[in-house]
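Here is the naming used below: chain letters follow the sequence lines, and residue numbers restart at 1 for every chain. Since this is a predicted model, take the numbers as computed values, not measurements.
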Amino acid sequence: MDVRLTYENGTIRVGAGGSDAGEPSLPPLPGVETDPRSGTPRAPAYRYAAIRRALAVAGVSVDDHVLDASDRAAADAGLPDALATDYELREYQREALDAWRDAGDRGVLELPTGAGKTVIAIRAMVELGVPTLVVVPTVDLLDQWQRELEAEFDVPIGRFGGGEQRREAITVSTYDSAYLKAESVGDAFEFVVFDEVHHLGGEGYRDVARLLAAPARLGLTATFERPDGAHETVAELIGERAYALSVDDLAGDHLAPYDIRRIEVELTPDERDRYDAKQGVFVEYVRDAGITFASGSDYQKLVRRSGNDPAAREALLAKSEAREIMMNARRKVDRLESILDRHRDDRVIVFTAHTDLVYRLSERFLLPAITAETGATERREILSRFREGTYGRVVAANVLDEGVDVPDANVAVVLSGSGSEREFTQRLGRVLRPKDDGGRAVLYEVVSAETAEERVASRRR
DNA sequence: TTGACTCAACATCCTTTGCTACAA
DNA sequence: TTGTAGGTTTCCATGTTGAGTCA
């Protein structure tokens with residue numbers, strides 16, 4: 001018996017081979033179901049590798065055409081000979097890559113920002129020598145990867161995203177463009193790299209991984225686990241976490257040593273009155289309605305309830321106002337003044353959660369500001385002046401957390417932020433590139449005393 | 001090519017407590 | 001009596017991004 005495998009719009013079609021007519025009697029194959037309309041057995045494309053393994057175990061001979069497009073692309077580009085690198089991996093990078101290869105060329109590497117995840121992926125591309133798709137969350141990262149790959153390899157680099165749709169044997173793509181194109185190019189790559197792979201947990205983005213047939217899959221992130229538990233879906237699509245290092249494993253060695261200093265400020269009497277009143281409305285509603293917050297999704301229940309329960313809506317609005325009061329407290333701004341004084345000669349990034357505060361700080365301390373409203377040109381200008389030293393400090397909302405090439409700094413001030421461990425790790429990562437003078441980095445965390453922010457702050461650590 | 005705009009998607013959003021209806 | 005699941009079928013608000021459209 002002989003089974004024919006083909007790729008079709010994001011699925012693997014399992015059909016009879018040429019040797020005998022009719023449907024073959026198949027061993028149980030992972031993910032394969034019979035399409036009710038056409039009567040054809042097929043599976044989501046990400047099952048391709050598992051199907052191949054199951055058929056091999058059952059001793060079934062296979063007529064495999066799934067990656068024909070990938071093979072043609074490899075031949076056209078002269079792969080694998082065209083891929084080479086002189087770069088020597090550091091010891092932990094080598095260990096990480098070996099762990100991934102031992103896991104069957106599948107899985108996620110969890111390494112802190114600045115640990116050199118890109119070079120590990122490039123080395124993996126050289127070792128596999130097959131057509132590869134690199135998927136990233138932002139256009140900024142798209143540019144960075146394209147530059148790196150063009151510097152390293154002597155082949156044209158394709159690009160999906162930022163207004164360009166050009167496929168090559170080695171191609172970089174945004175998650176959004178990959179989502180739009182996955183069905184039509186799912187058979188053209190044998191290896192796929194997901195940078196900042198935690199994004200793949202999003203409802204829509206996970207389809208990108210489902211529709212690609214690529215058997216080799218590498219996920220890169222600094223923070224694999226997601227509060228909503230969706231990292232389990234990522235593990236199913238990409239593979240389990242194969243290797244992990246924390247910031248502390250590398251600090252002092254390959255990353256700068258650092259201190260975290262927590263500063264508590266009191267609310268002003270007026271802020272305290274308003275905060276207690278608003279927070280009280282929320283807490284009272286939660287208590288009366290008997291809502292518990294046993295799991296993360298319980299908050300969603302409250303939000304849904306607010307759709308037709310005016311009291312729930314009022315409670316949420318009150319909570320939102322209370323949050324704003326504690327996060328933008330007046331004395332945080334006063335405290336920032338003394339921190340900026342103390343670090344006159346250092347390179348400082350100030351992080352906030354709200355854009356209003358960014359502009360207030362920008363006005364009061366004459367700091368260049370970056371928010372979502374800052375255009376691409378102006379943003380590049382500010383970051384480049386920060387890089388060359390014209391600016392010694394910059395203030396930003398959540399913009400600089402991820403996916404942007406931010407110049408080196410040695411002092412971070414978190415005036416406000418969410419309870420997200422990911423956000424905190426990313427912000428810390430902004431000051432951890434090793435310093436020429438071997439100096440320590442410092443992160444200040446400014447928190448309003450006796451507010452919910454104390455809980456928020458401990459959650460993210 | 002660019003810039004301004006809209007739209008959709010994603011992420012965070014969290015108190016110190018014990019209800020109510022139904023099935024086994 | 002005891003133990004367990006409950007329910008919705010999208011979304012109070014703010015911030016951020018990429019893609020697409022149009023001038």
Side-chain angles (χ1 to χ4, degrees), chain A residues 135-143 159-165 173-181 196 198-208 223 226-228 230 278-324 326-328 351-359 370-379 396-404 416-424 426 451-460:
Chain A
V135 188
V136 305
T138 64
V139 171
D140 210 82
L141 280 171
L142 197 69
D143 293 337
R159 180 177 161 115
F160 300 148
E164 234 181 293
Q165 302 292 325
S173 172
T174 59
Y175 277 85
D176 286 276
S177 285
Y179 176 75
L180 296 172
K181 291 202 77 96
E196 309 288 0
H198 47 271
H199 288 283
L200 209 54
E203 283 298 333
Y205 288 161
R206 56 183 72 170
D207 282 344
V208 177
T223 43
R226 294 170 49 115
D228 62 2
K278 295 295 179 186
Q279 180 77 1
V281 170
F282 177 75
V283 171
E284 200 174 316
Y285 177 83
V286 166
R287 198 179 46 231
D288 292 351
I291 294 170
T292 58
F293 290 96
S295 79
S297 64
D298 291 336
Y299 191 81
Q300 278 307 314
K301 282 188 206 156
L302 178 54
V303 172
R304 274 189 228 121
R305 214 162 158 157
S306 70
N308 49 15
D309 177 357
R313 184 178 144 74
E314 197 196 335
L316 278 173
L317 289 176
K319 178 68 198 169
S320 157
E321 284 175 59
R323 196 160 45 229
E324 202 163 323
M326 77 185 186
M327 283 187 161
N328 301 337
F351 295 99
T352 76
H354 290 104
T355 48
D356 284 1
L357 182 60
V358 170
Y359 293 126
I370 301 179
T371 70
E373 295 158 18
T374 313
T377 320
E378 191 185 351
R379 190 180 297 195
N398 304 317
V399 194
L400 301 184
D401 290 352
E402 181 193 280
V404 185
S416 57
S418 70
S420 157
E421 189 189 339
R422 169 164 303 121
E423 178 190 280
F424 187 77
Q426 282 162 342
T451 66
E453 197 171 32
E454 294 182 321
R455 235 190 339 268
V456 170
S458 56
R459 203 164 61 226
R460 63 188 170 217

Quiz prompt | Counterpart residues, salt bridge (Lys or Arg N to Asp or Glu O under 4.0 Å), relative to Asp207(A) (two or more places apart) | solution = Arg210(A)
Quiz prompt | Length of the line joining Lys278(A):NZ and dT15(B):P, which is rounded to integer Å | solution = 17 Å
Quiz item: How close or far is atom P of dC12(C) from atom CZ of Arg313(A), stated in whole angstroms?
Solution: 7 Å
Quiz item: When you match Arg422(A) and Val286(A) each to their closest nucleotide on DNA chain B, which lands nearer the 5' end?
Solution: Arg422(A)
Quiz item: Does the side chain of Arg305(A) get closer than 4.0 angstrom to OP1 or OP2 of dG7(C) through an N or O atom?
Solution: no
Quiz item: Does Tyr205(A) have any ring-ring contact (aromatic ring centres under 6.0 Å, His included) partners at least two apart in sequence or in another chain, and if so, which?
Solution: Tyr175(A)
Practice problem: Sequence neighbours left out, what passes salt bridge (Lys or Arg N to Asp or Glu O under 4.0 Å) with Lys278(A)? Give chain and number order. | Solution: Glu321(A)
Quiz item: Between Tyr285(A) and Arg305(A), is any pair of side-chain heavy atoms under 4.5 Å apart?
Solution: yes
Quiz item: Between Thr377(A) and Arg206(A), which has a closest nucleotide on DNA chain B that is more 5'?
Solution: Thr377(A)
Practice problem: For dC14(B), take OP1 and OP2 only and decide whether either is under 4.0 Å from a side-chain N or O of Arg455(A). | Solution: no
Quiz item: To the nearest angstrom, how far is Arg304(A) atom CZ from dC11(C) atom P?
Solution: 10 Å
Quiz item: Under a 90° cut-off about 0 for the syn range, is dT9(C) syn or anti?
Solution: anti
Quiz item: If you look at every strand shown and take non-hydrogen atoms under 4.0 Å, does Phe282(A) touch a base, only sugar-phosphate, or nothing?
Solution: sugar-phosphate
Self-check item: Listed partners of Arg226(A) passing salt bridge (Lys or Arg N to Asp or Glu O under 4.0 Å), at least two apart
Solution: Asp228(A)
Quiz item: For Glu314(A), which contact category applies under a 4.0 Å heavy-atom criterion: base, sugar-phosphate, or nothing?
Solution: nothing
Self-check item: salt bridge (Lys or Arg N to Asp or Glu O under 4.0 Å) involving Glu423(A) - partner list, sequence neighbours excluded
Solution: Arg427(A)
Self-check item: Protein-to-nucleotide contact annotation, 5' to 3' order, nucleotides 16-23 of chain C [B base; S sugar-phosphate only; - none; under 4.0 Å, heavy atom]
Solution: SSSSS---
Quiz item: With a 4.0 Å cut-off on heavy atoms, is Glu421(A) in touch with a base, just the backbone sugar-phosphate, or nothing at all?
Solution: nothing
Quiz item: Is dA23(B) paired to anything, Watson-Crick or G-U wobble with both distances less than 3.5 Å, and if yes, which nucleotide?
Solution: dT2(C)
Exercise. Rounded off to whole Å, could you give me the CD-to-P distance for the Glu196(A) and dA9(B) pair?
Key: 22 Å
Quiz item: Base, sugar-phosphate alone, or nothing: which one does Ser420(A) contact when heavy atoms must sit under 4.0 Å apart?
Solution: sugar-phosphate
Exercise. For the side chain of His354(A), starting at C-beta, report the closest nucleotide among dC14(B), dT14(C), dC12(C).
Key: dT14(C)
Practice problem: Write down the distance between CZ (Arg323(A)) and C1' (dA13(C)), rounded to a whole number of angstrom. | Solution: 8 Å
